[in-house]
Amino acid sequence: MTIPTSIIRLMITAVIAGLTSISVANAEISVIVNPSNPVNSLSERQVRKLFLGKTTLFPFTEQEALIIDQNPSQGVYHSFYRNLLHINPQKLARYRAASLFSGNGPVPLVLADDVAVIEFVLNHPEAIGYVLDLNNESSVKTVYSFAQD
């Protein structure tokens, strides 16, 4: 019995798609800053405080941090908040709304994807964002990274 070519193509496509999703799922998320930023590394706690708006300055500096978020339609957005901050999108939205209306915290600037975040960070020394390590490049500085589940 021979297998039709269309089924073989479908099987190959499924295998390739499966391999792609595995490599993305196992990728690390990198928190990045501009190369001119004086901060060389951040702890998990410091990253949490910055992205939750509990602090607005980079640690041990007087430099304001401009927090960059990815679009919530991106998988890295959900992985970042679930793995690092242990918060779901609904709870995060409520938290940010309360912070905004109370005047206690800034709301991050939302960009489309990894490429947009890298480009913005390269052009703004005060920016801090996150990307999948697969898309990270040497032109930005990684100050924290972690594996996503």
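Just the heavy atoms: all of them, side chains too, but no hydrogens, waters or symmetry mates, feed the values below.
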(message) Between P108 and R96, is there a side-chain heavy-atom distance shorter than 4.5 Å?
(response) yes
(message) Working to the nearest 0.5 angstrom, can you tell me the gap between I29 CD1 and L84 CG?
(response) 8.5 Å
(message) Check whether Q46 reaches the backbone of S43 with its side chain - one donor and one acceptor, N or O, closer than 3.5 Å.
(response) yes
(request) Take L122 and V140 through the test side-chain contact (heavy atoms from CB on, under 4.5 Å) and record every step on the way to the result. (result) CA-CA 7 Å; L122 282 172; V140 292; 3.7 Å; yes
(message) For P59 versus V39, what's the shortest heavy-atom pair and its separation?
(response) O-CG2, 4.0 Å
(request) List the steps, then state whether side-chain contact (heavy atoms from CB on, under 4.5 Å) holds for V121 with K141. (result) CA-CA 9 Å; V121 167; K141 188 187 326 181; over 6 Å; no
(request) Identify the heavy atoms of P125 and N37 that sit nearest to each other, and give their distance. (result) O-ND2, 3.5 Å
(message) Are I118 and L109 connected into the same hydrophobic cluster when the rule is that any two of I, L, V, M, F, W, Y join if their side-chain heavy atoms are below 4.5 Å apart?
(response) yes
(message) Please check this pair: side chain of N71 against backbone of L111, looking for a donor-acceptor N/O pair closer than 3.5 Å.
(response) no
(request) Decide yes or no for L92 and F51: does some side-chain heavy atom of the first lie under 4.5 Å from some side-chain heavy atom of the second? (result) no
(request) Starting at OH of Y95, measure out to CD1 of I87 and round the result to the nearest 0.5 Å. (result) 8.0 Å
(request) Indicate the atoms forming the closest heavy-atom contact of P38 with Q63, along with that distance. (result) CD-OE1, 3.3 Å
(request) Can you see which heavy atom on I68 is nearest to which on A127, and at what distance? (result) CG1-CB, 4.1 Å
(request) Taking the side chain as every heavy atom from C-beta outward, state whether R48 and H86 have any pair of such atoms under 4.5 Å apart. (result) yes
(request) Just say parallel, tilted or perpendicular for the rings of F146 and Y144, cut-offs at 30° and 60°. (result) tilted
(message) Nearest 0.5 Å, please: how far is CG in L57 from CD in E126?
(response) 12.5 Å
(request) Any chance you could measure S145, atom OG, to L132, atom CG, to the nearest 0.5 Å? (result) 12.0 Å
(request) Could you go through the side-chain contact (heavy atoms from CB on, under 4.5 Å) check for L85 and L52 one step at a time? (result) CA-CA 8 Å; L85 303 178; L52 287 176; 4.2 Å; yes
(request) Please report the C-alpha distance between L66 and I128 in whole Å, then the side-chain angles of each, then the deciding distance to 0.1 Å, and finally whether the side-chain contact (heavy atoms from CB on, under 4.5 Å) criterion is met. (result) CA-CA 6 Å; L66 176 57; I128 181 171; over 6 Å; no
(request) Tell me whether Y77 is reachable from V110 by hopping between hydrophobic residues (I, L, V, M, F, W, Y) whose side-chain heavy atoms are closer than 4.5 Å. (result) no
(message) For a quick check under 3.5 Å, do D69 and Y130 share a side-chain donor-acceptor pair by atom type?
(response) yes
(message) Check this for me: E62, atom CD, are more than 12 non-hydrogen atoms of other residues, nucleotides or ligands nearer than 6.0 Å?
(response) no
(message) More than 12 heavy atoms of other residues, nucleotides or ligands under 6.0 Å from CD of E44: yes or no?
(response) yes
(message) Could you measure the distance from the CD atom of Q148 to the CG atom of N83? Nearest 0.5 Å is fine.
(response) 6.5 Å
(request) Calculate, to the nearest 0.5 Å, the distance between atoms OH and OG belonging to Y81 and S79 respectively. (result) 12.5 Å
(message) Please enumerate all residues that pass side-chain contact (heavy atoms from CB on, under 4.5 Å) together with P89, with sequence neighbours excluded.
(response) H78
